[in-house]
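Contents: one structure, followed by commentary.
Numbers here are sequence positions counted from 1. Atoms within each ligand, like the ligands themselves, are counted from 1 in listed order.
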Amino acid sequence: MTAAREQPLELTAISHNEGVDAAVSAARRVIASLLHAGDGSAAEMKEVADRLNAVADHLDEHAPAMDQRMVDMWSGEGITRHDPVTGPENTIAPPLHLTGKDDGSVEGVVALGLPYQGPPGHVHGGISALLLDHTLGVANHWAGQSGMTAELTLRYHRPTPLFEQLTVTGEQIAVDGRKIRTRGAITARGEVCVSADGLFIAKHLPRPR
Ligand SMILES: CCCCCCCCCC(=O)SCCNC(=O)CCNC(=O)[C@H](O)C(C)(C)COP(=O)(O)OP(=O)(O)OC[C@H]1O[C@@H](n2cnc3c(N)ncnc32)[C@H](O)[C@@H]1OP(=O)(O)O
């Protein structure tokens, strides 16, 4: 499909490198560092666990109540601050940063490290599915008609490498009533590693209020 847009548009929240975003960046480092650490000594790891639990206790003590957090997180920029693929507030997000292109598609570039490993040196297939499900969803948003994933068909063409630049794309193909067809791919070094075809159904769950 084509869309009369002239400039690529940011479709995901930008990390502010301060406040919670900076804390999340630090937490991502902790996750990667723990994976690199090996067993270490029991004493060291006990101390690390105690310190991390103290941080979590501090955050929990000062956080608003969960129902208030649910309301707050769906206001303003909505999902883009906290989703598990692009969100700068979400430690498990790589994060992928997506922009809308003038041909109506969306695209982002990301390199994935050890926390996302499946086969040796390569990305876990479920992580690829996560990236593509979300990217197809954002492509629908960019195209103007979005919905919930009803079917996601993945083809794993070749192993997806860790530590290399991956390009993740999504494009809405067709809308037929409430049925939305969308496709996308993850490529590395110009070769398709994973391709996806999605069926989305136009439906939106109510936001907490
Ligand atoms: C900037 C923001 C970006 C946000 C990006 C976020 C992306 C993330 C996307 C997700 O991960 S969404 C979460 C994962 N998906 C779900 O949890 C969906 C769970 N399933 C449902 O809620 C419902 O089953 C669904 C909304 C998919 C459909 O239920 P409905 O009751 O609304 O639809 P209905 O049963 O009336 O069916 C409507 C049509 O769709 C068809 N259909 C429904 N589900 C289908 C299915 N699974 N496969 C094939 N066709 C399906 C159905 O046959 C029918 O076709 P016809 O109109 O021709 O009769």
* To do: Using distance alone, decide if ligand 1 has a nitrogen or oxygen within less than 3.5 Å of any nitrogen or oxygen in R178.
  => yes
* Structure fact -> When distances are taken from atom 23 (C) of ligand 1, the protein heavy atom at minimum range is K203 NZ, 4.8 Å
* Structure fact -> re atom 17 (O) of ligand 1, the protein heavy-atom contact at minimum distance is M148 CE, 3.7 Å
* Specify side chain, backbone, both or neither for I201, according to which of its non-hydrogen atoms lie closer than 4.0 Å to ligand 1. => side chain
* Just need the protein heavy atom nearest to atom 47 (N) of ligand 1, so name the residue and atom and give the distance. => A150 O, 3.2 Å
* E151 to ligand 1: N or O pair under 3.5 Å? -> yes
* Asked: Considering only the protein, which heavy-atom contact is closest to atom 15 (N) of ligand 1, and what is its distance?
  -> T149 O, 3.0 Å
* Would you check, one step at a time, whether the test side-chain contact (heavy atoms from CB on, under 4.5 Å) holds for L131 with L112? => CA-CA 11 Å; L131 294 185; L112 300 176; 4.0 Å; yes
* To do: Ignoring hydrogens and angles, tell me if any N or O in the side chain of E171 forms a donor-acceptor pair with the backbone of V106 under 3.5 Å.
  => no
* Any protein heavy atom sitting closer than 4.0 Å to atom 59 (O) of ligand 1? -> no
* To do: Could you tell me whether atom 40 (O) of ligand 1 has a protein heavy atom closer than 4.0 Å?
  => yes
* Asked: Which protein heavy atom lies closest to atom 8 (C) of ligand 1, and at what distance to 0.1 Å?
  -> D133 OD2, 4.1 Å
* Asked: Checking W142 side chain against T99 main chain: does a donor-acceptor pair fall under 3.5 Å?
  -> no
* To do: List in chain and number order the residues that pass side-chain hydrogen bond (donor to acceptor under 3.5 Å, both in side chains) with T182, two or more places apart in sequence or in another chain; answer none if no residue qualifies.
  => N140
* To do: Quick one: look up the protein heavy atom nearest atom 51 (C) of ligand 1 and list residue, atom name and how far away it is.
  => L199 CD2, 4.0 Å
* Does atom 29 (O) of ligand 1 have any protein heavy atom closer than 4.0 Å? -> no
* To do: Scan side-chain atoms only and decide if T86 and D83 contain a donor-acceptor pair under the 3.5 Å cut-off.
  => yes
* To do: Within a distance under 4.0 Å of any heavy atom of H141, pick out the atoms of ligand 1 and give their elements.
  => 1 (C)
* Taking atom 1 (C) of ligand 1 as the reference point, report whether a protein heavy atom occurs under 4.0 Å from it. => yes
* To do: Spell out, as yes or no, whether a donor-acceptor pair under 3.5 Å connects the side chain of D133 to the backbone of A129.
  => no
* Between the main-chain N or O of D21 and the side-chain N or O of H16, is there a donor-acceptor pair closer than 3.5 Å? -> no
* Is there a donor in the side chain of E10 and an acceptor in the side chain of H97, or the other way round, less than 3.5 Å apart? -> yes
* **H204: partners by ring pair (Phe, Tyr, Trp, His ring centres under 6.0 Å), with sequence neighbours left out** => none
